[in-house]
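Down below is the structure, laid out as C-alpha cells.
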Amino acid sequence: MSNLLELRNIGKSYGDDVILSNVWFALNRGTAIAIVGHSGGGKTTLLSIMGLLQKPTSGQILIDGQEIDSFDSHRMAKLRGQYLSFVFQRARLINSLTALENVMAPSWFIRNGEDVEQQAKALLEQFGLSHRLHHKPQELSLGQLRRISLARALLLKPSILLADEPTNDLDPALAEEVAQCLLQARQSGVGVVIVTHDVGLAAQADEIFRLEAGTLQPVANQ
Ligand SMILES: Nc1ncnc2c1ncn2[C@@H]1O[C@H](COP(=O)(O)OP(=O)(O)OP(=O)(O)O)[C@@H](O)[C@H]1O
C-alpha cells in the first residue's frame with residue numbers, strides 16, 4: 001500500500017531565501033507525526049506544501065501514490081478536498097453560526113445526503129462539547145473553539161489531517177484535551193501531521209522530526 005503522503009527531495013525558496021532543502025517525508029495511515037523546530041524555520045511553509053496550498057520550488061509530492069506535479073489547479077483542488085483537512089492556530093469559525101452549524105458547514109455540501117448533523121453532534125459529544133452545541137463562537141473559550149475547529153476538520157472525513165500549532169495559547173489542561181481529540185483520529189486510520197512547539201504534544205506522536213537548516217531530521221522519542 002502506498003503512503004498517504006510522500007515528499008521527495010522538496011525545496012522551497014522565497015527569492016534568494018532558501019527555506020527548505022532536501023526534505024524527504026512519508027506519512028502512513030493511522031499514524032501521527034510531529035514536526036518541531038525554531039520559530040521562522042519553515043514549519044508552516046512545509047505544512048502548506050503538504051496541504052497543496054503552496055507549490056514547492058523543487059521536488060515531488062505524492063498523495064496516496066499519485067504524483068501531483070502535472071495536476072492543474074482544478075485537479076489539485078479536487079485532491080485537496082478528497083484527502084486533506086486542516087486545523088489552523090486561529091479557529092476561523094463563522095461568528096453568526098452556532099458551534100454545531102460551524103462544524104457542519106463545510107461538510108453540508110460535500111457529504112450530500114449523509115446524516116451530517118447526527119455525526120457532527122456525535123463528534124462534539126466525543127470532544128466534551130455536547131452542552132455547547134448552540135453557542136456562538138464569541139461565547140466559547142479558546143480550547144472549545146480549537147476543539148470545534150478540529151470536529152469541523154474531522155467531519156470532512158479526511159485521510160490526512162494537518163494541524164498547525166493546535167495547542168498554542170492553551171493552558172496545559174486544555175492543551176491536553178485538544179491533543180487527545182487530535183490523536184484519537186488515528187484510530188479511524190487518519191494520518192496526522194502536527195506542527196508544534198508543545199513538547200508534551202510532540203511526545204505523544206508516533207514519530208518526531210526537527211526542521212533544522214531547511215531539512216527534516218528524526219528526533220528520538222523518549
Ligand atoms: N510568502 C512569503 N514570502 C517571503 N518569505 C516568506 C513567506 N512566507 C514565509 N516566509 C519566510 O519563510 C520563513 C519560514 O516561515 P514559516 O512561517 O514557515 O516558519 P515557522 O517555522 O512556521 O515559524 P513559526 O514557528 O514562528 O510559526 C520565515 O523567515 C518567513 O519570513
Side-chain angles (χ1 to χ4, degrees), residues 4-5 7 12 19-20 25 27 32-56 61 63 76-77 79-110 120 123-124 127 129 132 135-138 140-171 174-186 190-198 200-202 204-205 209 211:
L4 267 178
L5 169 67
L7 302 184
K12 178 73 183 176
I19 309 296
L20 303 172
F25 178 85
L27 176 71
I33 296 183
I35 297 176
V36 300
H38 71 79
S39 189
K43 301 181 298 300
T44 299
T45 303
L46 179 58
L47 205 66
S48 67
I49 289 173
M50 289 178 180
L52 313 181
L53 296 172
Q54 187 167 182
K55 285 196 168 188
I61 306 171
I63 302 282
M76 198 89 102
L79 200 69
R80 204 182 298 124
Q82 195 182 346
Y83 282 92
L84 290 150
S85 215
F86 301 85
V87 182
F88 297 101
Q89 265 189 66
R90 284 188 216 102
R92 301 183 189 186
L93 300 178
I94 300 168
N95 283 330
S96 57
L97 300 183
T98 64
L100 179 62
E101 288 163 348
N102 262 293
V103 171
M104 291 192 298
S107 297
W108 199 260
F109 302 101
I110 297 170
L123 266 171
L124 286 168
F127 291 178
L129 289 169
R132 290 290 179 268
H135 284 61
K136 302 261 176 76
Q138 56 276 21
L140 296 163
S141 75
L142 201 56
Q144 290 168 337
L145 294 173
R146 212 58 75 70
R147 276 177 282 161
I148 289 164
S149 133
L150 187 52
R152 179 180 58 180
L154 289 174
L155 190 61
L156 287 163
K157 300 202 171 161
S159 305
I160 303 165
L161 181 64
L162 303 177
D164 196 359
E165 299 284 5
T167 58
N168 209 21
D169 302 327
L170 301 181
D171 69 36
L174 281 181
E176 185 52 30
E177 278 175 27
V178 171
Q180 287 316 314
C181 297
L182 184 61
L183 293 165
Q184 264 176 32
R186 289 180 291 192
V190 179
V192 185
V193 182
I194 309 162
V195 159
T196 186
H197 288 108
D198 179 343
L201 173 58
Q204 295 181 66
F209 288 89
L211 185 59

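Using modelled atom types, one finds a donor on one side chain and an acceptor on the other under 3.5 Å when comparing E176 with Q180.
By the side chain to side chain contact (heavy atoms under 4.5 Å, CB included) test, A163 pairs with V87, P166, L182, sequence neighbours left out. Residues passing the ring pair (Phe, Tyr, Trp, His ring centres under 6.0 Å) test with Y83: none are found, sequence neighbours excluded. Annotation: side chain to side chain contact (heavy atoms under 4.5 Å, CB included) contacts of K157 (sequence neighbours excluded): R111, E114, Q119. In this structure, the side chain to side chain contact (heavy atoms under 4.5 Å, CB included) partners of L97, at least two apart in sequence or on a different chain, are I94, E101, N102, A105.
Between the CG atom of L123 and the CD1 atom of I148 there is a distance of 12.0 Å, given to the nearest 0.5 Å. Here F88 contributes atom CZ and N168 contributes atom CG; the two are 15.0 Å apart, rounded to the nearest 0.5 Å. The distance from the CG atom of L150 to the CG atom of L155 is 11.5 Å, given to the nearest 0.5 Å.
Heavy atoms only, all atoms of each residue included: L5 and I160 are closest at CB-CD1, 4.0 Å. Nearest heavy atom pair, residue A205 against residue A32, reads CB-O, 3.5 Å. Between L161 and F86, the closest heavy-atom pair is CD1-N, 4.4 Å. The shortest non-hydrogen separation linking K12 to P56 is CD-CA, 4.1 Å. V178 and G143 make their closest contact through CG2-O, 4.1 Å (heavy atoms, listed as atom of the first residue, atom of the second, distance).
Between L84 and P158, the closest side-chain pair of non-hydrogen atoms is not below 4.5 Å. A 4.5 Å side-chain heavy-atom check between P137 and L145 finds at least one atom pair inside the cut-off. Put simply, the side chain of L174 reaches to within 4.5 Å of the side chain of E177, judged on heavy atoms. At a threshold of 4.5 Å between non-hydrogen side-chain atoms, the residues N95 and K136 do not count as touching. By the 4.5 Å heavy-atom criterion applied to side chains, L129 and Q144 are counted as neighbours.
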Side-chain donor/acceptor pairs under 3.5 Å, residues 190-198, sequence neighbours excluded:
| from | atom 1 | to | atom 2 | distance (Å) |
| --- | --- | --- | --- | --- |
| T196 | OG1 | D198 | N | 2.8 |
| H197 | ND1 | E165 | OE2 | 2.5 |
| D198 | OD1 | G200 | N | 3.0 |
| D198 | OD1 | L201 | N | 3.0 |
| D198 | OD2 | T167 | OG1 | 2.8 |

Contacts under 3.5 angstrom, residues 39-50 side chains, donor-acceptor by atom type, not counting sequence neighbours:
| from | atom 1 | to | atom 2 | distance (Å) |
| --- | --- | --- | --- | --- |
| K43 | NZ | G37 | O | 3.1 |
| K43 | NZ | H38 | O | 3.1 |
| T44 | OG1 | D164 | OD2 | 3.1 |
| S48 | OG | T44 | O | 3.4 |
| S48 | OG | T45 | O | 2.8 |
| S48 | OG | Q54 | NE2 | 2.9 |

(request) Might you work through the side chain to side chain contact (heavy atoms under 4.5 Å, CB included) test for K55 and M76, ending with a clear yes or no? (result) CA-CA 11 Å; K55 285 196 168 188; M76 198 89 102; 3.8 Å; yes
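Each of L27, L79, L4 was compared with I63 under the side chain to side chain contact (heavy atoms under 4.5 Å, CB included) criterion, and only L79 meets it. Partner of L211 under the side chain to side chain contact (heavy atoms under 4.5 Å, CB included) criterion, out of I19, L20, V36: L20 alone.
With hydrogens and angles ignored, the 3.5 Å screen pairs no side-chain donor or acceptor of R146 with any backbone N or O of A175.
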